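Taking it in order: structure first as structure tokens, then the write-up.
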Amino acid sequence: MDDERNHDTSLCKQSASSTPRGSLELDIPVVDLSVSDEEFLVREVTKASEEWGIFQVVNHGIPTDLIRQLQVVGKQFFDLPEAEKEAVAKEEDIEGYKRNYLEGIKAWDEHLSHRLSPPSVINYKYWPKNPPQYREVNEEYTRHMKKLTEKILGWLSEGLGLPAVALLQNLGGETAEYVIRVNYYQPSPKSDLAIGAAVHTDVGAITLLVPNEVPGLQVFKDEQWLDVEYINSAVVVFIGDQLMRMSNGRYKNVLHRATLDKENVRISWPVFVAPRHDLLVGPLPELTGDENPPKFEGVVYKDYLHQIFEKWAVDKLYSS
């Protein structure tokens, strides 16, 4: 079976076994951003990133109504006839609409992805024209998402003992790339035999995700799969490969996957934040020395992606 996820730069990295296993409920760290104590927020997001590589944020400043609108226009797109969705079909790049099939199951994953920022990389042909509010809602969401991302990166920078702007600057500042991927998982009576998204870590720097209310997101910790509790309007934050590498391993990238529901459609809206493709990414010099040598080599980000995709191809040869 040809798994398209192994071939596109969806900013996700295939890793480990994707065979569903039993899971346990887990309340991953939740950080209330309405707290006025900045030092407390730095400690909380730093601890969560060091110990878990994932946390949820509430009272984050993104209007609840805007999140609802994002979810409405996203679902409206997937409710369109197939011919209309194919109008923004994926070509060679990461952007566009794609439907994946699993043998014996009608469809286990549809997704729409496109760049949100910076303006120089946006290609509106991959932004649906129907529903008509799609562009306006996504542009407004991008403005809020960038503000939230910059806050979190600032706290994570300070948690490393660096200036608040350090991590963002090393991702390219205003040229850092934001990509949204709307994942649409149809219900399946065979949900115990298949998953919606294979086990992976995110190859970018940081991911901020909002789901609908249908459970299915799981993380791997302490040698077991754990369910991520759904919290209305919360944003789930994942540490990706590049923040792990930049922090010289202090921040943990997290293995996660998406499972299917037997009765309900599950939809998620991750925004992937990644370095500019020509940037050299590795442990920040301020964090290394004789007593703490670099744990990773510096690699230009586009070359890092190429290495990952080559590995996917090799893994596929031995897993089919």
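Note that the structure is predicted; figures quoted are calculated from it, not measured. We count residues from 1, following the sequence as given. Because only heavy atoms are used, hydrogens play no part in the values below, and waters and symmetry mates are left out as well, while side chains stay in.
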Test item: [X] side-chain N/O and [Y] main-chain N/O as donor-acceptor pair under 3.5 Å:
X: Gln242; Y: Val203; result: yes
X: Arg250; Y: Gly159; result: yes
X: Thr46; Y: Arg43; result: no
X: Arg245; Y: Lys295; result: no
X: Lys151; Y: Leu33; result: no
X: Asn212; Y: Val265; result: yes
X: Asp303; Y: Val299; result: no
X: Gln218; Y: Thr259; result: no
X: Asp241; Y: Asn253; result: no
X: Asn292; Y: Leu287; result: yes

Between [X] and [Y], what is the shortest heavy-atom contact and its length?
X: Gly53; Y: Val254; result: O-CG1, 3.2 Å
X: Val210; Y: Ala234; result: CG1-O, 3.7 Å
X: Phe272; Y: Arg181; result: CE1-CB, 3.7 Å
X: Leu116; Y: Ile122; result: O-CD1, 3.1 Å
X: Gly172; Y: Leu279; result: N-CD1, 3.4 Å
X: Ile239; Y: Ser49; result: CD1-OG, 3.6 Å

Indicate whether the side chain of [X] and that of [Y] have a donor and an acceptor atom separated by less than 3.5 Å.
X: Asn183; Y: Ser268; value: yes
X: Asn264; Y: Arg266; value: no
X: Glu84; Y: Asn130; value: yes

Drop me the distance from [X]'s [atom1] to [Y]'s [atom2], to the nearest 0.5 angstrom.
X: Leu153; Y: Gln169; atom1: CG; atom2: CD; answer: 11.5 Å
X: Asn170; Y: Leu168; atom1: CG; atom2: CG; answer: 9.0 Å
X: Leu160; Y: Leu167; atom1: CG; atom2: CG; answer: 6.0 Å
X: Leu226; Y: Ile28; atom1: CG; atom2: CD1; answer: 10.0 Å

- [ ] Report the C-alpha distance between Glu140 and Arg143 in whole Å, list the side-chain angles of each, state the deciding distance to 0.1 Å, and finish with yes or no for salt bridge (Lys or Arg N to Asp or Glu O under 4.0 Å).
- [x] CA-CA 5 Å; Glu140 181 66 14; Arg143 286 190 282 272; 2.5 Å; yes
Open item on the list: Apply salt bridge (Lys or Arg N to Asp or Glu O under 4.0 Å) to residues Glu95 and Arg115 and explain how you reach the verdict.
Closed with: CA-CA 7 Å; Glu95 299 184 274; Arg115 292 177 172 89; 2.8 Å; yes
- [ ] In sequence, state the C-alpha distance, the side-chain angles, and the governing distance for Lys85 and Glu110, and then conclude on salt bridge (Lys or Arg N to Asp or Glu O under 4.0 Å).
- [x] CA-CA 10 Å; Lys85 291 184 284 188; Glu110 295 179 63; 3.0 Å; yes
Task: Option among Val236, Val228, Leu255 that satisfies the side-chain contact (heavy atoms from CB on, under 4.5 Å) test with Val219 - done: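 In the set Val236, Val228, Leu255, the residue that makes a side-chain contact (heavy atoms from CB on, under 4.5 Å) with Val219 is Val228.
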TODO: Determine the sole option in Leu112, Ile180, Asn138 for which the side-chain contact (heavy atoms from CB on, under 4.5 Å) test with Trp127 is passed.
DONE: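 Output: one option passes, namely Asn138.
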Distance-only criterion, 3.5 Å: show the donor-acceptor pairs between side-chain atoms of residues 55-64 and protein atoms not counting sequence neighbours.
from: Gln56; atom 1: NE2; to: Glu229; atom 2: O; distance (Å): 2.9
from: Asn59; atom 1: ND2; to: Asp32; atom 2: OD1; distance (Å): 2.8
from: Asn59; atom 1: ND2; to: Asp32; atom 2: OD2; distance (Å): 3.4
from: His60; atom 1: ND1; to: Ile62; atom 2: N; distance (Å): 3.1
from: His60; atom 1: NE2; to: Ser233; atom 2: O; distance (Å): 2.6

Task: Ion pair Lys147/Glu150, N-O distance below 4.0 Å - done: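 Salt bridge between Lys147 and Glu150, a charged N being under 4.0 Å from a carboxylate O: no.
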Open item on the list: Do the side chains of Glu86 and Arg99 get close enough for a salt bridge, i.e. N-O under 4.0 angstrom?
Closed with: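 No, Glu86 and Arg99 are not salt-bridged.
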Consider only side-chain heavy atoms of I, L, V, M, F, W and Y, link residues closer than 4.5 Å, and tell whether [X] and [Y] are in one cluster.
X: Val214; Y: Ile67; answer: no
X: Leu148; Y: Leu156; answer: yes
X: Val35; Y: Val42; answer: yes
X: Met244; Y: Leu171; answer: no
X: Val31; Y: Ile231; answer: no

Task: ring-ring contact (aromatic ring centres under 6.0 Å, His included) against Tyr230, all qualifying residues, sequence neighbours excluded - done: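 ring-ring contact (aromatic ring centres under 6.0 Å, His included) list for Tyr230, sorted by chain: empty.
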Task: Qualifying residues under ring-ring contact (aromatic ring centres under 6.0 Å, His included), relative to Phe296, sequence neighbours excluded - done: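 For Phe296, no residue satisfies ring-ring contact (aromatic ring centres under 6.0 Å, His included) once neighbours in sequence are set aside.
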Open item on the list: Can you pull out every ring-ring contact (aromatic ring centres under 6.0 Å, His included) where at least one residue sits in residues 136-170? Sequence neighbours excluded, please.
Closed with: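 Matches after skipping sequence neighbours: none remain.
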- [ ] Sorted by first residue and then second, give each ring-ring contact (aromatic ring centres under 6.0 Å, His included) pair with at least one member in residues 78-97; sequence neighbours left out.
- [x]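 Qualifying pairs, neighbours excluded: Phe77-Tyr97, Phe78-Tyr184.
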Open item on the list: Quick check with a 6.0 Å cut-off and a 45 degree axis cone: is Arg257 positioned over the face of Trp225's six-membered ring?
Closed with: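 So Arg257 does make the cation-pi contact.
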Task: Ring-face cation contact, Trp52 with Lys252, 6.0 Å cut, 45° max - done: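 Because its charged atom misses either the 6.0 Å distance or the 45° angle limit, Lys252 does not stack over Trp52.
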TODO: Any salt bridge (Lys or Arg N to Asp or Glu O under 4.0 Å) involving residues 116-137? Give me the pairs, sequence neighbours left out, ordered by first then second residue.
DONE: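 Applying salt bridge (Lys or Arg N to Asp or Glu O under 4.0 Å) to every pair that reaches into residues 116-137, excluding sequence neighbours, yields Glu91-Lys125, Arg135-Glu139.
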Open item on the list: Could you tell me if the side chain of His277 sits less than 4.5 Å from the side chain of Leu305, heavy atoms only?
Closed with: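 When only atoms from C-beta onward are counted, His277 and Leu305 do touch, with a gap below 4.5 Å.
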Task: salt bridge (Lys or Arg N to Asp or Glu O under 4.0 Å) assessment of Glu51 paired with Lys221 - done: CA-CA 10 Å; Glu51 297 180 0; Lys221 183 172 174 59; over 6 Å; no
Open item on the list: Quick check on ring pair (Phe, Tyr, Trp, His ring centres under 6.0 Å): which of Tyr134, Tyr124, Tyr126 does His114 satisfy it with?
Closed with: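 One option only clears the test, and that one is Tyr134.
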Open item on the list: For Phe238 and His256, I'd like to know if the aromatic rings sit close, meaning centre-to-centre distance below 6.0 Å.
Closed with: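 Yes - the distance between ring centres of Phe238 and His256 falls below the 6.0 Å cut-off.
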Open item on the list: Pair Ser247, Glu50 - check side chain to side chain contact (heavy atoms under 4.5 Å, CB included), show working.
Closed with: CA-CA 10 Å; Ser247 68; Glu50 290 177 338; over 6 Å; no
Task: Worked check of side chain to side chain contact (heavy atoms under 4.5 Å, CB included) between Leu162 and Leu284 - done: CA-CA 10 Å; Leu162 303 174; Leu284 299 183; 3.6 Å; yes
